Amino acid sequence: MTALGSVQGSPHTRLLGVGSYRPSRIVPNSEVIEAIDSSDEWIQQRSGIKQRRWATDEETVEMMSIEASRGAIEEAGIQPEQIDAVVVATVTHLLQTPALAPMLAHKLGTQRAAAFDISAACAGFCHGIALGSDMVRAGSARHVLAIGVERLSDITNPLDRGTAFIFADGAGAAVIGPSDEPGIGPVVWGSDGEQYDLITQTEDWRYAIQCASPHMPTLAMQGNQVFRWAAFEMAKIAQQALDRAGVSVDDLDVFVPHQANMRITDAMARAMKLPDHVKIARDIAEQGNTSAASIPLALDRMREDGEAKSGDIALFIAFGAGLAYAAQVVVVP
Ligand code: UT7
């Protein structure tokens with residue numbers, strides 16, 4: 001039998017660069033409350049959100065992705081043509097096909113990089129990091145660009161009390177590449193499809209068209225059930241990611257959970273007994289819940305504010321519709 005040739009990648013990987021893009025339009029709570037009979041006080045108390053950013057017409061998923069990616073590529077110190085694969089996590093590229101990634105790979109100047117989208121909602125960025133890291137280790141790519149981008153304002157019903165104040169827009173990106181030392185820990189990921197209907201599109205496209213619906217489908221969330229799942233179950237996943245990376249909470253410098261709700265972040269930090277020295281991402285207050293973009297946006301904010309610095313050990317955990325989740329320990333670039 002003829003033996004097939006095989007490739008081997010780098011034994012270790014790391015994040016070489018991270019970039020992000022925040023839309024220009026700031027939307028304070030006062031702008032969303034009237035339509036949903038709410039108050040600034042309630043929103044801040046129940047979610048920690050003071051304001052969010054919604055994209056303008058010009059700030060498309062494509063434009064925001066390119067801006068975030070340029071920052072990540074520049075920090076990585078590589079040329080676009082060195083990127084072998086582009087993985088885009090999004091649920092708001094509103095074309096069923098083609099994926100967003102090939103267009104981005106072209107416009108960023110890669111040399112026909114492999115390019116595809118993944119749909120893991122709020123957990124998408126951590127899925128992208130896991131895939132990228134495994135691809136570099138397996139040898140199918142040397143540099144992978146993982147992007148998380150959302151324009152959730154496009155698919156949010158401004159009259160829905162349970163979602164109108166939460167969701168927001170933005171983009172983040174990371175370049176994953178080879179490393180001499182481990183810089184991305186093993187992923188702990190999974191799904192709970194039994195709870196598939198807790199966060200969904202209100203109806204599928206075909207049904208909406210058949211019913212001649214005057215509105216496009218939007219997001220529907222059984223918030224309280226999602227909250228309880230996230231607050232109680234996700235700390236266990238985060239702990240498993242630490243265990244698999246061989247680090248303890250005492251070794252951690254930075255905790256960057258998906259920015260879903262400030263109270264979920266606090267509940268996880270309490271359950272994990274994070275020591276006081278661990279800096280916790282709280283970008284949701286200013287940014288809202290940007291789904292797949294929230295972790296790179298939050299990390300970038302911490303780097304800008306000096307709360308996270310190069311070489312720090314950070315824990316990522318992301319969770320959302322599916323229900324799907326993923327967590328890993330990384331070294332901050
Ligand atoms: O990113 C993907 C994953 N998503 C998440 O992790 C989000 C998880 N869920 C949440 O963050 C929270 O469930 C929300 C912030 C969305 C809602 O907070 P909650 O504490 O779970 O609210 P609730 O739905 O249990 O409602 C509590 C009360 C109710 O009133 P009564 O029955 O106690 O009188 C609601 O009618 O708050 C009322 N309420 C509101 N009041 C003012 C619900 N929505 C609103 C609102 N403004 N927008």
Side-chain angles (χ1 to χ4, degrees), residues 27-53 89-92 119-127 148-153 155-170 172 189-193 195-201 218-238 256-269 271 281-285 287-298 316-327:
V27 179
N29 287 342
S30 57
E31 197 176 322
V32 295
I33 55 178
E34 265 180 40
I36 54 172
D37 183 22
S38 188
S39 67
D40 177 40
E41 189 191 7
W42 189 93
I43 294 172
Q44 288 205 41
Q45 201 180 50
R46 306 305 283 184
S47 71
I49 299 172
K50 295 181 187 158
Q51 61 173 49
R52 75 284 295 133
R53 285 172 186 250
T90 186
V91 295
T92 48
S119 177
C122 303
F125 185 73
C126 289
H127 280 67
V149 59
E150 301 293 4
R151 271 180 62 111
L152 291 168
S153 58
I155 61 164
T156 301
N157 176 355
L159 304 177
D160 178 22
R161 283 185 111 196
T163 55
F165 64 94
I166 277 210
F167 293 123
D169 307 336
W189 55 3
S191 62
D192 181 359
Q195 307 204 69
Y196 187 75
D197 57 357
L198 291 192
I199 311 174
T200 64
Q201 187 169 309
T218 52
L219 281 174
M221 176 168 73
Q222 297 181 40
N224 201 264
Q225 281 164 268
V226 179
F227 183 97
R228 277 185 271 129
W229 169 77
F232 296 114
E233 298 303 319
M234 289 303 100
K236 298 176 201 163
I237 302 302
V256 194
H258 165 47
Q259 302 291 288
N261 182 317
M262 196 76 88
R263 291 191 297 135
I264 294 176
T265 297
D266 289 336
M268 284 195 289
R282 299 194 178 282
D283 197 34
I284 189 167
Q287 197 65 32
N289 177 338
T290 57
S291 187
S294 86
I295 286 183
L297 277 165
F316 291 171
I317 178 162
F319 46 86
L323 300 173
Y325 55 86

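When a ligand or atom number is given, it counts from 1 through the structure's own listing order. No experiment lies behind these values; they were computed from the predicted model shown.
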*For atom 46 (C) of ligand 1, which of Phe167, Trp42, Trp229, Tyr325 has the closest heavy atom?*
Trp42
*Any idea which protein heavy atom is nearest atom 15 (C) of ligand 1, and the distance to it?*
Asn261 ND2, 3.5 Å
*According to the interplanar angle, ranging from 0 to 90°, do the rings of Phe125 and Phe316 count as parallel (below 30°), tilted (30 to 60°) or perpendicular (above 60°)?*
tilted
*side chain to side chain contact (heavy atoms under 4.5 Å, CB included) between Ile317 and Met268: does it pass, once the steps are laid out?*
CA-CA 10 Å; Ile317 178 162; Met268 284 195 289; 4.3 Å; yes
*Nearest heavy atoms of Asp169 and Gln287, plus distance in Å*: O-NE2, 3.5 Å
*What residue and heavy atom of the protein are closest to atom 36 (O) of ligand 1, and at what distance?*
Arg161 NH1, 3.3 Å
_Just by distance, no angles: are the side chains of Glu150 and Thr90 close enough, under 3.5 Å, to form a donor-acceptor pair?_
yes
*Ser291 heavy atom under 4.0 Å from ligand 1*: no
*asked:* The test is side chain to side chain contact (heavy atoms under 4.5 Å, CB included); show your working for Ser38 and Val32 and say whether it passes.
replied: CA-CA 8 Å; Ser38 188; Val32 295; over 6 Å; no
_Nearest non-hydrogen partners of Gly48 and Met262, listed with the distance_ = CA-CB, 3.8 Å
*For atom 21 (O) of ligand 1, is some protein heavy-atom partner under 4.0 Å away?*
yes
*Hey, is atom 9 (N) of ligand 1 touched by any protein heavy atom at less than 4.0 Å?*
yes
_Under 4.0 Å from atom 48 (N) of ligand 1, can you find at least one protein heavy atom?_
yes
*Numbered atoms of ligand 1 (with element) below 4.0 Å of Ala260, judged on heavy atoms*: 1 (O), 5 (C), 6 (O)
*Between Phe319 and His258, what is the ring plane arrangement, given parallel below 30°, perpendicular above 60°, and tilted in between?*
perpendicular
_Can you confirm whether some protein heavy atom lies under 4.0 Å from atom 29 (C) of ligand 1, or whether none does?_
no
*For a side-chain contact (heavy atoms from CB on, under 4.5 Å) with Met221, tell me which candidate from Leu198, Ile166, Thr200 qualifies.*
Ile166
*Distance from atom 2 (C) of ligand 1 to nearest protein heavy atom, with residue and atom*: Cys122 SG, 3.2 Å
*Taking side chain as C-beta onward, heavy atoms only, is Leu297 less than 4.5 Å from Asp283?*
yes
_Residue part near ligand 1, for Thr163, under 4.0 Å between non-hydrogen atoms_ = neither
_Under 4.0 Å and counting heavy atoms only, is there anything from the protein next to atom 32 (O) of ligand 1?_
no
*Just which atoms of ligand 1 are under 4.0 Å from any heavy atom in Gly162?*
16 (C)
*If we only count N/O pairs under 3.5 Å, is Asn289 in contact with ligand 1?*
yes
*So do Asp266 and Arg282 actually touch side chain to side chain, heavy atoms under 4.5 Å?*
yes
*CA sep, side-chain torsions, deciding dist, call: Thr163, Asp160, side-chain hydrogen bond (donor to acceptor under 3.5 Å, both in side chains)*: CA-CA 6 Å; Thr163 55; Asp160 178 22; 2.6 Å; yes
_Closest protein heavy atom (residue, atom, distance) for atom 5 (C) of ligand 1_ = Val226 CG1, 3.6 Å
*Mind telling me whether Phe165 and Trp42 have parallel, tilted or perpendicular rings, with 30° and 60° as the class edges?*
perpendicular
*Given that the side chain starts at C-beta and the backbone is N, CA, C, O, which of these parts of Ile264 lies under 4.0 Å from ligand 1, counting heavy atoms, or is it both or neither?*
side chain
*Which segment of Asn224 sits under 4.0 Å of ligand 1 when only heavy atoms are counted*: both
*Just jot down the ligand 1 atoms closer than 4.0 angstrom to any heavy atom of His258, in number order.*
1 (O), 2 (C)
*Does some non-hydrogen atom of Ala230 fall short of 4.0 Å from ligand 1?*
no
